[in-house]
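Because the structure is predicted, anything quoted here is derived from the model rather than measured. Note that ligands are numbered from 1 as they come in the structure, with each ligand's atoms numbered from 1 the same way.
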Amino acid sequence: MSTILRRQILRKCGGMDIPLVGFAPADRWNDPPFLPWVPEAFRPAGIFPGTKSVIVIGFPVSLPVVDTAPSIWYHELYRTINAELDSCAYRLATFLTGKGYPSVSIPRDGYGSIGVLKEKPVAFFSHRHAAYCAGLGNFGVNNMLLTPEYGPRVRFTSILTTADLPADPVLGEPLCIRCMRCVTVCPVNAIHKGDYPQELTDKKACAARSEELFRRSLSPCGCCIKVCPVGKDRGQYGREDMKMYDDESPVSVPYRRIRDHVRSYGSK
Ligand code: B12
């Protein structure tokens, strides 16, 4: 197991300003922490035989930007983060392969269009599960992986590598406080309150909403990640008072003004 290589990877990630990095042994997928779990074909070694470790990286979605969502501002940021994720993951995989450890990067999403997702709303590899296995966070009612740093306001991607790297522990204590703000705010009632696995999100309704917003250059929706009270980013931006989302409260006034302004430009 290479501690030196792990350190080199972390240094490389630091050089690319990647704030979240986690390491998971590929074996972790063979020992389901909860059910239903990831089927074999979707596991790291099912996709890239010989995988020993999975490196998961994450970039934050800036809170003040997603606070205007759905908006052109968030639409553009989403594209920037996606491009960064794919590029950094590709560079890390190429670096590791060059060092003698064949590796591949996985696209941060992996679907051609929302139309495809409406038929089959699942990708060939799940970064949420990977981030969970790499100790970066745990699942919330909003079906997102919550992290201590950014709550659900973080996007991930993964690198599958044949290098055997020291792992991070899985994050035990649930971060979700079950405030149900995500359930209430969802404009298409796609999030259910039930306990996993009895009830999950209505993926079809969520995908249909995303498709409609895409036509107006306003996708993705983002409502269920903006209203989550979890994450140190709320303190960093001075947005801990959740009354900012309550349209009846005077606290919400300046935020609504910004949101309405941004929404008035650049999209339909
Ligand atoms: C398909 C997809 C969609 C579809 C379908 C939505 C849906 N509800 O799944 C659409 C386009 C609508 C969509 C919307 C969104 N998405 Co999306 N999406 C994906 C994609 C491409 C594949 C997901 C997948 O196939 N997962 C595999 C299946 C088996 O798992 P699952 O559906 O997630 O369900 C499992 C888990 O949720 C878990 N689970 C659920 N609840 C609980 C509770 C407990 C206690 C436990 C233990 C487990 C658990 O078990 C389920 C079954 O195994 C991934 C990228 C990727 N390749 O991973 C991004 C991804 C999941 N999306 C992401 C995001 C951010 C969003 C949005 C917030 C939009 C946005 N960007 O602002 C919304 C949120 C919707 C929601 N609340 O679920 C992020 C999530 C980041 C995070 N922090 O978790 C991802 C990982 C993209 C990325 N690269 O970061 N998405």
**Request:** Report the hydrophobic cluster partners of L213, with the cluster defined as I, L, V, M, F, W, Y residues connected by side-chain heavy atoms closer than 4.5 angstrom, directly or transitively.
**Result:** L218
Applying a heavy-atom cut-off of 4.0 Å, say which part of [X] lies close to ligand 1: side chain, backbone, both or neither.
| X | answer |
| --- | --- |
| S126 | both |
| W37 | neither |
| H129 | side chain |
| I225 | side chain |
| F125 | backbone |
| F156 | both |
| Y78 | side chain |
| L85 | neither |

Ligand-side contact atoms (ligand 1) for residue partner [X], heavy atom cut-off under 4.0 Å:
| X | answer |
| --- | --- |
| V154 | 81 (C), 82 (C), 83 (N) |
| R128 | 9 (O), 31 (P), 32 (O), 33 (O), 61 (C), 84 (O) |
| L117 | 1 (C), 4 (C), 11 (C) |
| A123 | 22 (C), 24 (C), 25 (O), 57 (N) |
| P36 | 53 (O) |
| V122 | 25 (O) |
| K203 | 7 (C), 8 (N), 9 (O), 31 (P), 32 (O) |
| Y74 | 70 (C), 71 (N), 72 (O) |

Could you measure the distance from the [atom1] atom of [X] to the [atom2] atom of [Y]? Nearest 0.5 Å is fine.
| X | Y | atom1 | atom2 | value |
| --- | --- | --- | --- | --- |
| S267 | H75 | OG | NE2 | 9.0 Å |
| E84 | N82 | CD | CG | 10.5 Å |
| T201 | N143 | OG1 | CG | 4.0 Å |
| M244 | R239 | CE | CZ | 5.0 Å |

**Request:** Determine, using ring centers only, whether F139 and H129 are less than 6.0 Å apart.
**Result:** yes
**Y132/F34 aromatic ring centres below 6.0 Å** =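 Between F34 and Y132, which both carry aromatic rings, the centre distance is below 6.0 Å.
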Considering both backbone and side-chain atoms of [X], is one of its nitrogen or oxygen atoms within less than 3.5 Å of a nitrogen or oxygen in ligand 1?
| X | value |
| --- | --- |
| F34 | no |
| A207 | no |
| N142 | yes |

**Item:** Presence of salt bridge, R155 and D109, under 4.0 angstrom
**Value:**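 Between R155 and D109 there is a salt bridge, with a charged N closer than 4.0 Å to a carboxylate O.
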**Asked** Do the charged groups of R6 and D168 touch, with an N to O distance under 4.0 Å?
**Response** yes
**Message:** Distance alone, cut at 3.5 Å: any donor-acceptor contact between the side chains of S252 and D247?
**Reply:**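 No - no donor-acceptor pair under 3.5 Å links their side chains.
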**Request:** Please determine, by modelled atom types, if D67 and Y245 share a side-chain donor-acceptor pair under 3.5 angstrom.
**Result:**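 Yes, because at least one side-chain N or O of D67 sits under 3.5 Å from a partner of the opposite role on Y245.
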**Item:** contact_flag C224 ligand 1 heavy-atom lt 4.0 Å
**Value:** yes
**Prompt:** Does ligand 1 have any atom sitting under 4.0 Å from a heavy atom of Y132?
**Reply:**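 Heavy atoms of Y132 never come under 4.0 Å of ligand 1.
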**Asked** Can you tell which of V188, I191, N143 gets a heavy atom nearest to atom 37 (O) of ligand 1?
**Response** N143
**More than 12 heavy atoms from other groups under 6.0 Å of CZ on R91** = no
**Asked** Tell me the salt bridge (Lys or Arg N to Asp or Glu O under 4.0 Å) pairs involving residues 205-230, sequence neighbours left out?
**Response**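 Applying salt bridge (Lys or Arg N to Asp or Glu O under 4.0 Å) to every pair that reaches into residues 205-230, excluding sequence neighbours, yields K118-E211, E212-R216.
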